[in-house]
*Asks:* 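Below: one structure in structure tokens.
Note that the structure is predicted; figures quoted are calculated from it, not measured.
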Amino acid sequence: MQKILQRLEEQRTAARLGGGQKRIDSQHAKGKLTARERVELFLDPDSFEEWDMFVEHDCTEFGMDKQKIPGDGVVTGYGTVGGRPIFVFSQDFTVFGGSLSKNHAAKICKIMDHAIKVGVPVVGLNDSGGARIQEGVDSLAGYADVFQRNVMASGVVPQISMIMGPCAGGAVYSPSMTDFIFMVRDTSYMFVTGPEVVKTVTHEEVSAEELGGAKTHTHKSGVADLAFDNDVEALFMLRRFINFLPMNNRSKPPLWPTNDPADRKDNSLDTLVPADPNKPYDMKELILKVVDDRNFFELQKDYAANIIIGFGRMQGSTVGLVANQPMVLAGCLDIDSAKKGARFVRFCDAFNIPVITFVDVPGFLPGTSQEYGGIIKHGAKLLYAYAEATIPKITVITRKAYGGAYDVMSSKHLRGDVNLAWPSAEIAVMGPKGAVEIIFRQDMKDQQKVDLRTQEYKDRFANPFVAGARGFVDDVIMPHSTRKRICRSLAMLKDKKLENPWRKHGNIPL
Amino acid sequence: MFKKILIANRGEIACRVMKTANLMGIKTVAVYSDADKDALHVRMADEAVHIGASPSSESYLVKERIIQACKDTGAEAVHPGYGFLSENSAFCEALEAQGIAFIGPAPLAINSMGDKITSKRLAEQAGVNVIPGYTDVVRDADHAVEIASGIGYPVMLKASAGGGGKGMRVAWNDADCRDGFERATNEARSSFGDERVFIEKFIEEPRHIEIQVMADTHGNIIYLGERECSIQRRHQKVIEEAPSPFLDEATRKAMGEQAVQLARAVEYRSAGTVEFIVDAKRNFYFLEMNTRLQVEHPVTECITGQDLVELMIRVANGEALPLKQEDVKLTGWAMEARVYAEDPFRNFLPSIGRLVYYRPPEGEGVRVDTGVFEGGEVSMYYDPMIAKLVTYGEDRLCAVKKMQQALDDYYIQGVQHNISFLNALMVHPRFLEGRLTTNFIAEEYPDGFDSSHVPKDDPAKYIVITACVHRSHTDRASRLSGQLPGYERKHSEAWVVTIDDVSHAVNVWPIEDGYKVEFEGRHFKVVTDWDIREPLLNCTINGEYASFQVERIGIWYHLSHRGAETKAVVMTPRAAELHAKMPEKVIPDMSKFLLSPMPGLLVKLSVAEGQEVKAGQELAVIEAMKMENVMRASHDAIVHHIPTRVGASLTVDQVIMEFE
């Protein structure tokens with residue numbers, strides 16, 4: 001017995017040391033924490049229950065049988081974040097460069113299987129050089145086993161990836177199928193093929209940072225949802241983010257108590273929309289003044305900034321917020337913003353998070369780049385996402401709601417539960433100028449007539465009344481009462497039950 | 001008494017006049033331009049009349065529109081406020097021709113005092129001390145140099161029609177004088193439509209002290225003590241106080257009596273201000289007379305207990321002044337700080353935009369004269385003043401302390417503001433001693449104002465408050481639903497607060513009415529009922545009152561206190577240990593670029609691509625708020641690329657040129 005305990009302790013010590021002190025120092029020198037330090041910071045103190053600490057690889061090729069390190073390059077287990085359970089795996093770059101072996105993958109699969117079974121989210125802290133080349137196809141099989149579980153877990157429990165080092169080649173496809181990807185600036189990158197291959201094939205010279213660094217993926221590609229300055233900040237913010245999420249697709253979002261009154265008025269909102277319809281304003285101000293405690297967790301803020309997405313709380317309960325941003329591209333929808341919004345709405349729908357949509361949309365972005373890029377199908381994603389969503393949907397039109405974009409943005413016609421409009425709302429097929437040019441083409445040469453017609457059109461359509469008369473907006477509200485009206489609507493919708501017809505799955509225009 | 005008056009102004013002064021009118025039971029009419037459609041003065045008034053487009057030359061300066069508005073609304077009198085038409089005798093005459101009373105002086109007084117050259121002559125005749133100088137119009141730069149050498153340098157070049165610091169230049173030598181003449185003439189033309197410039201002796205170590213006079217139409221003229229307005233930045237008043245910490249009773253009386261003599265000489269009526277320059281030996285010289293209500297009139301109201309606007313209205317209505325000179329008693333001390341939408345850390349460049357959050361301070365002895373509100377707009381068309389913050393106490397120190405506190409409680413978001421600068425002045429030892437001159441700011445901040453000038457309060461306070469704020473957040477987090485029974489989030493008492501790269505081990509415990517904090521062997525009791533959603537944390541720290549503006553951005557807490565902003569983070573000791581291992585982020589080098597420090601119009605590019613420039617050389621001129629701002633090279637460089645051109649409207653931080 002004593003001997004067993006001694007051996008256990010030895011194995012534990014070896015596992016804790018990972019790839020050894022030298023590699024740990026080198027990890028620190030790169031400004032990165034070790035896999036275990038990350039788990040320690042991420043979870044509540046002393047809450048980590050580690051599994052499979054003694055798992056080793058069983059590869060014998062290329063002398064691998066002489067190099068075995070307990071844990072095999074990944075730390076797995078469960079713990080709590082803010083007292084709520086969570087599964088976590090953390091790849092250990094100090095052990096074989098964090099490379100993925102068959103058994104490394106099996107450890108990840110094990111916690112994912114459990115997570116799905118018990119309905120607890122999974123967080124991956126990725127820091128891996130890629131496949132364990134010495135294992136050959138076993139390693140690839142390992143990847144695919146993880147991919148399959150990512151797909152099975154999708155929509156069942158939230159999955160979050162924090163990229164904290166390299167993540168290249170096939171390895172990127174596991175994070176890509178999780179719900180959210182966060183990155184650490186300067187120390188993480190993601191790409192399918194690295195700079196060397198790019199150079200050989202396309203003769204493009206590009207650095208790893210430029211090709212797949214945090215900035216690239218948060219500004220250009222939209223692959224990552226957020227980037228943080230360093231490991232510590234990233235893990236703290238990840239904890240804060242998880243506090244917004246429900247455990248699984250059968251549970252409600254968590255409640256975060258607040259002292260912010262549900263009926264809090266904000267008179268400054270009455271002057272948010274400028275008198276000049278072409279003057280932009282910051283939609284984020286509305287969001288911050290409506291949600292509890294001014295607390296808004298924005299995602300993808302530097303990508304497709306013409307749409308805003310993120311989480312907030314209303315009366316303590318998590319809501320998803322989607323809003324057109326008049327400050328960027330006048331708030332119009334384009335390929336990137338439609339994709340960004342659609343994926344977010346689908347996440348909220350999968351996990352019972354009500355969606356509040358603030359609308360100021362002049363339409364879809366015109367142009368060849370959009371048409372050639374397939375705006376027809378991409379724009380349809382957002383339409384599809386809103387239309388299939390069965391969660392409570394509340395829409396507030398602050399200003400423009402023109403054309404097809406009006407329909408898309410959680411309109412009444414897509415089963416919007418409560419659709420409200422500010423007095424400044426203009427719900428119409430298009431703006432006055434364009435409309436007059438079409439309807440009164442024969443008058444276009446006479447400026448006096450044009451002005452008259454424009455005014456006629458404005459009087460008729462540049463207001464919420466036409467839509468109101470048809471019941472497409474439920475009420476016209478004063479901006480200052482927006483929070484109160486949304487809170488009441490959410491309370492009314494608390495037990496909303498709506499089911500789509502049975503099917504294997506819908507066919508969203510991918 | 002009048003039944004209804006029209007206020008031919010906007011902003012805080014329009015609101016200020018309406019307050020008194022309301023108290024007197026007089027109905028008010030506001031006028032407004034396009035930009036002011038939703039302004040506070042429009043909301044406050046009983047009626048409001050639209051008078052034109054946003055530029056003041058198309059609205060607030062159009063006499064006919066205002067007179068028409070009077071006729072349409074039946075207003076019997078007009079209060080002009082300050083600026084705009086307040087010193088325009090033609091307006092005054094036009095009103096009187098229509099039988100509408102002008103709440104201010106008669107055209108004769110306005111005319112004779114409005115022109116600096118005439119006013120100086122009249123003052124001299126009335127037995128008022130004047131500064132040596134040349135009171136005729138200067139013909140050209142050569143003439144300016146000739147006159148200047150006659151008087152002796154330094155000299156001051158001033159626009160005849162000037163005011164508010166525009167069109168004023170000091171010259172220390174012939175080259176300055178030529179350059180100053182050009183600039184003063186240009187600014188005079190663009191600001192006042194009158195390019196006449198005159199020259200006078202420039203007095204060193206001067207104080208600006210002015211006398212408030214009030215006259216009725218029955219020959220009664222009194223003076224209501226003085227205001228010291230020496231704290232000026234580029235001739236714009238920043239801090240005003242009453243009384244002056246410098247005057248003795250004899251000087252006060254002498255100045256007051258000369259001011260009254262001058263008022264009598266021009267048959268003055270209503271409120272007026274005689275401005276003097278006072279030198280270190282308490283010699284005083286007439287500067288000019290402002291024939292209107294001054295911006296800084298509230299400090300006089302505080303110490304005299306009079307409502308100057310009420311007196312003006314009564315005088316305009318033909319009533320005699322209700323008090324005699326011997327009834328004027330100066331009690332206590334009042335301090336006024338002008339809160340501007342400008343960025344003190346960017347050479348006070350004006351800032352415009354929406355007041356996303358605006359919560360002025362309140363309390364005993366605190367008066368805020370403002371024309372804005374939360375959700376309102378600081379417009380590019382007008383003076384970017386947000387408010388006048390006035391405090392009143394039994395003595396100077398008391399007024400200063402109240403001002404420090406009130407500035408601390410002032411919460412403004414959306415536009416840049418000068419609160420940290422005002423705060424720095426309010427705690428400046430030389431200011432506290434009362435050793436003021438109009439060069440105070442130029443002398444104390446010779447290279448401009450930057451964050452190193454912001455005095456920091458006891459660092460312990462920031463640490464203690466950060467710990468309390470964090471504890472408050474973790475308390476809230478610990479109440480999240482869905483926690484595993486028996487495995488709930490535990491509270492830690494031991495934390496590490498990191499401020500300015502220094503970490504402090506801190507223990508914090510909640511107590512009934514706040515928190516107990518211990519660090520480095522010191523104990524603090526913080527009493528507060530702050531909630532995490534409040535931007536302003538009011539508390540007492542060991543019984544001493546303090547307030548902090550708190551914002552959480554990512555993992556950081558941003559605390560503003562006494563004008564200083566601090567960034568702090570709170571972690572468990574273990575997390576702090578790991579955090580210390582994280583590399584510093586390198587801030588990208590922007591010295592290769594000339595960035596526009598403000599929104600404005602690029603009116604001149606002084607260099608071309610490929611040109612070598614020396615440090616201090618003029619690169620470009622940006623016009624904003626009618627002021628020409630010269631951008632100079634901060635170091636020697638070669639201009640590589642200029643991506644913008646003259647006439648472009650610039651946003652903040654837009655690249656104007658790139659260096660090699």
Side-chain angles (χ1 to χ4, degrees), chain A residues 28-33 37-38 40-41 44-47 79-85 185-187 228-233 235-237 239-240 243 246-247 251-260 266-272 274-275 281-282 285 288-289 292-295 316-317 479-480, chain B residues 34-35 37-39 43 353-359 373-377 413-414 473-492 529-535 551-552 554-556 569-586:
Chain A
H28 284 159
K30 285 183 216 151
K32 297 180 357 179
L33 298 178
E37 286 165 345
R38 287 168 177 167
E40 184 189 351
L41 280 193
D44 294 339
D46 305 319
S47 76
T80 57
V81 167
R84 300 192 310 152
R185 289 190 189 101
D186 304 326
T187 48
F228 302 104
D229 271 347
N230 56 54
D231 283 12
V232 177
E233 185 187 323
L235 295 165
F236 272 47
M237 292 306 287
R239 285 175 59 85
R240 199 180 289 173
N243 287 339
M247 288 284 105
S251 64
K252 292 253 177 200
L255 274 171
W256 176 278
T258 180
N259 298 327
D260 205 350
D266 197 320
N267 290 324
S268 68
L269 292 178
D270 291 345
T271 53
L272 180 65
Y281 58 96
D282 189 359
E285 182 180 336
L288 286 167
K289 287 182 172 176
D292 287 355
D293 305 321
R294 301 191 199 189
N295 187 1
S317 187
H480 65 247
Chain B
D34 288 347
K37 189 168 69 75
D38 292 320
R43 295 176 170 207
R354 180 174 159 82
L355 287 161
V356 176
Y357 293 99
Y358 179 75
R359 314 268 161 92
F373 54 93
E374 186 167 282
E377 189 99 9
Q413 294 256 301
H473 275 282
T474 54
D475 271 349
R476 189 63 65 83
S478 72
R479 287 158 56 202
L480 183 69
S481 71
Q483 302 191 45
L484 285 182
Y487 301 92
E488 290 90 353
R489 184 185 169 124
K490 289 182 208 63
H491 277 297
S492 168
D529 57 0
W530 180 71
D531 183 87
I532 56 168
R533 75 194 174 89
E534 300 290 343
E551 195 178 8
R552 189 170 72 152
I555 65 170
W556 297 91
V569 68
V570 187
M571 291 181 178
T572 60
R574 173 64 174 151
E577 181 193 334
L578 294 174
H579 193 228
K581 290 190 206 289
M582 296 290 105
E584 284 273 329
K585 290 284 160 187
V586 187

*Asks:* In Å and rounded to the nearest 0.5 Å, what is the CG to CH2 distance from A/D229 to B/W556?
*Replies:*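 CH2 of B/W556 is found 9.0 Å from CG of A/D229.
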
*Asks:* Which bit of B/F373 comes within less than 4.5 Å of chain A, counting heavy atoms only: side chain, backbone, both or neither?
*Replies:* side chain

*Asks:* Are the side chains of B/Q483 and A/T80 in contact, using a 4.5 Å heavy-atom criterion?
*Replies:* no

*Asks:* Could you tell me the separation between the CG atom of A/N243 and the CG atom of B/L480, rounded to the nearest 0.5 Å?
*Replies:*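 Here the rounded value is 5.0 Å.
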
*Asks:* Chain B heavy atoms under 4.5 Å from A/A29: which part of the residue, side chain, backbone, both or neither?
*Replies:* neither

*Asks:* With side chains defined as the heavy atoms from C-beta onward, is the minimum distance between A/R240 and B/H473 less than 4.5 Å?
*Replies:* no

*Asks:* Looking at B/V356, B/D38, B/I532, B/T474, which has the largest count of heavy-atom pairs under 4.5 Å with chain A?
*Replies:* B/V356

*Asks:* Checking heavy atoms, do the side chain of A/T187, its backbone, both or neither come under 4.5 Å from chain B?
*Replies:*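 Neither part, no heavy atoms under 4.5 Å.
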
*Asks:* Taking side chain as everything from C-beta outward and backbone as N, CA, C, O, which of these in A/R185 sits under 4.5 Å from a heavy atom of chain B? Side chain, backbone, both or neither.
*Replies:*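 Answer is both: backbone and side chain atoms of A/R185 are under 4.5 Å from chain B.
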
*Asks:* State, yes or no, whether a side-chain contact exists between B/R574 and A/E40 at a heavy-atom distance under 4.5 Å.
*Replies:*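 B/R574 vs A/E40: side chains touch.
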
*Asks:* For B/R476, is there an ion pair with A/D293 - N to carboxylate O distance below 4.0 angstrom?
*Replies:* yes

*Asks:* Which answer fits A/L255, side chain, backbone, both or neither, if we ask what part of it has an atom under 4.5 Å from a heavy atom of chain B?
*Replies:* both

*Asks:* For B/R43, which residues count as a side-chain hydrogen bond (donor to acceptor under 3.5 Å, both in side chains) partner, sequence neighbours excluded?
*Replies:* none

*Asks:* Taking side-chain hydrogen bond (donor to acceptor under 3.5 Å, both in side chains) as the definition, give me every residue that meets it alongside A/R38, ordered by chain and number, with sequence neighbours left out.
*Replies:* A/D127, A/D231

*Asks:* Nearest 0.5 Å, please: how far is OH in B/Y357 from NZ in A/K289?
*Replies:*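 It comes to 5.5 Å.
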
*Asks:* So which of A/G31, A/P254, A/G82 has the largest heavy-atom pair count under 4.5 angstrom toward chain B?
*Replies:*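 Most heavy-atom pairs within the cutoff with chain B belong to A/G82.
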
*Asks:* I need the residue from A/K32, A/E285, A/M237 with the largest number of non-hydrogen atom pairs under 4.5 Å to chain B.
*Replies:* A/E285

*Asks:* Non-hydrogen atoms of chain B under 4.5 Å away: do they reach the side chain of A/N295, the backbone, both or neither?
*Replies:*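 A/N295 touches chain B through side-chain heavy atoms alone.
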
*Asks:* Look up atom CD1 in B/I555 and atom CG in A/N230, then write down how far apart they are to the nearest 0.5 Å.
*Replies:*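 Atom-to-atom, B/I555:CD1 and A/N230:CG are 6.5 Å apart.
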
*Asks:* Report the C-alpha distance between B/R354 and A/T271 in whole Å, list the side-chain angles of each, state the deciding distance to 0.1 Å, and finish with yes or no for side chain to side chain donor-acceptor pair (under 3.5 Å).
*Replies:* CA-CA 9 Å; B/R354 180 174 159 82; A/T271 53; 3.2 Å; yes

*Asks:* Is B/K581 salt-bridged to A/E37, cutoff N-O under 4.0 Å?
*Replies:*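 Salt bridge between B/K581 and A/E37, a charged N being under 4.0 Å from a carboxylate O: no.
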
*Asks:* By a 4.5 Å heavy-atom criterion (distance strictly below it), what part of A/D270 contacts chain B: side chain, backbone, both, or neither?
*Replies:* neither

*Asks:* Could you check which of B/P583, B/S481, B/A575, B/G375 has the highest count of heavy-atom pairs closer than 4.5 Å to chain A?
*Replies:*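 Looking at each option in turn, the highest pair count goes to B/S481.
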
*Asks:* Using every non-hydrogen atom in the two residues, find where A/P85 and B/G482 come nearest and quote the distance to one decimal.
*Replies:*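 Smallest heavy-atom distance, with atoms named: CD-O, 4.5 Å.
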
*Asks:* What verdict does the side-chain contact (heavy atoms from CB on, under 4.5 Å) test give for B/Y487 and A/R84, after you've listed the backbone C-alpha separation in whole Å, the side-chain angles of each residue and the deciding distance to 0.1 Å?
*Replies:* CA-CA 8 Å; B/Y487 301 92; A/R84 300 192 310 152; over 6 Å; no

*Asks:* For the interface with chain A, which of B/P535, B/G376, B/S478 has the highest count of heavy-atom pairs at distances below 4.5 Å?
*Replies:*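 Heavy-atom pair counts peak at B/P535.
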
*Asks:* Identify whether the distance between the nearest side-chain nitrogen and carboxylate oxygen of B/R489 and A/D44 falls below 4.0 Å.
*Replies:*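 Salt bridge: no.
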
*Asks:* If you tally heavy-atom pairs under 4.5 Å against chain A, which of B/E377, B/M571, B/E488, B/E534 wins?
*Replies:* B/M571

*Asks:* Using heavy-atom distances under 4.5 Å, tell me whether A/S47 contacts chain B through its side chain, its backbone, both, or neither.
*Replies:* neither

